[in-house]
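Reading through the structure tokens given below for one structure.
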Amino acid sequence: MQESEIRKDYFLEKYVIIAPKRLKKPEKIYQKPETKVESCVFCAPDVDDPQKQIQVKDYYLEGGKWGVKVIGNLFPALSLNNIKAYGEQEIVIETRKHGIEIHELSVDEIVKVFDVYTDRYNTLMEKDGICYTIVFKNEGGKAGASIPHSHSQIISLPIIPPKIAEESAAMDKYIDEHGSCPYCDIIKSEKGGPRVIAEDEHIFVLAPYASESPYGAWFLPKRHIRNINDLHENEKKSLANFLKKILTKLEEIDAPYNYFIQNSLDLESHHFILKLAPRPNIWAGLELGTGIIINPVSPEEATKFYRG
Ligand SMILES: [Zn+2]
Ligand SMILES: [Zn+2]
């Protein structure tokens, strides 16, 4: 078993304690929340009723039925009508089919979901006063007899979130000092090493050296591109294929997860990345009080798990 180790992020002032536990089965670190769904609000015909759901846009219509659908949030924390909490929230229903998770869709269907993310990202970024838009997914996993309907969320903000501003500034500092992109350099330095989960000619999948999440993974295009718009068709397919494989593997240990897409800020030319963060246990005093996180699964172990 690996010894515990304090690790610093590649280029951020962030630390994590990698403290591998002697686990017989990896699923012991997860306590999946119970999900109970009485009646699914994302299933037709409810979701198509403008009295019950805010209609935004239907995608991939076939015989009058949508393949992917975007709706508004009925009780949004942010709204374009509220100057005190200005912003926009949307929900992307990834499939008509109830009880199917995103990794159970075909690669082509996942590519369609990425295309909807791209279209919504562009539409929302054009709205007045919007500075940042994040696309993310919270997945609780399958629990009991009731299965939630697979969906992602998009939130647009009137501010650049401090965490993003901080990472952006750290990237600029790195570029000044090294004359190169930190993520392009991470791909070069990790290549062939014990944290490479998978790669092909387009996409590099890595368990980051100082991962805050057990089984955390980064998906990086090998080309230095700044935005989801810049992904070409083969890169999208490759990304969809690896995301499908890794989320399928994650289902073996029933891990709830988040993933989110980081596009470069408008005036910058930073590397596009999709980050997958299986949800750790509820953070305790150390994490809340210091921001230093204990990760009980080393990235090297996580890599072995995904490769296996
Ligand atoms: Zn449903
Ligand atoms: Zn780069």
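Every number for a ligand or one of its atoms is a count from 1 in the order of the listing.
The distance from the Zn ion (ligand 2) to the nearest N/O/S atom of Cys184 is under 2.8 Å.
Environment of NZ in Lys237: sparse, with no more than 12 heavy atoms of neighbouring residues, nucleotides or ligands closer than 6.0 Å. Heavy atoms from other residues, nucleotides or ligands lying under 6.0 Å from CG of Asp108 number more than 12. For NZ of Lys275, the number of neighbouring non-hydrogen atoms (other residues, nucleotides, ligands) closer than 6.0 Å is greater than 12.
Exactly one residue among Tyr10, Phe204, Tyr259 makes a ring-ring contact (aromatic ring centres under 6.0 Å, His included) with Trp218. That residue is Tyr10.
His149 contributes ND1 as its N, O or S atom closest to the Zn ion (ligand 1). Distances from the Zn ion (ligand 2) to the N/O/S atoms of His271 are shortest for ND1. Nearest to the Zn ion (ligand 1), among the N, O or S atoms that His98 has, is ND1. For His224, the N, O or S atom with the smallest separation from the Zn ion (ligand 2) is ND1.
Geometry note: the Zn ion (ligand 1) is the vertex, Cys40 SG and Cys43 SG are the arms, and the angle is 120° (rounded to 10 degrees).
Linking ILVMFWY residues whenever their side-chain heavy atoms come closer than 4.5 Å, directly or via other members, places Ile134 and Ile159 in the same cluster.
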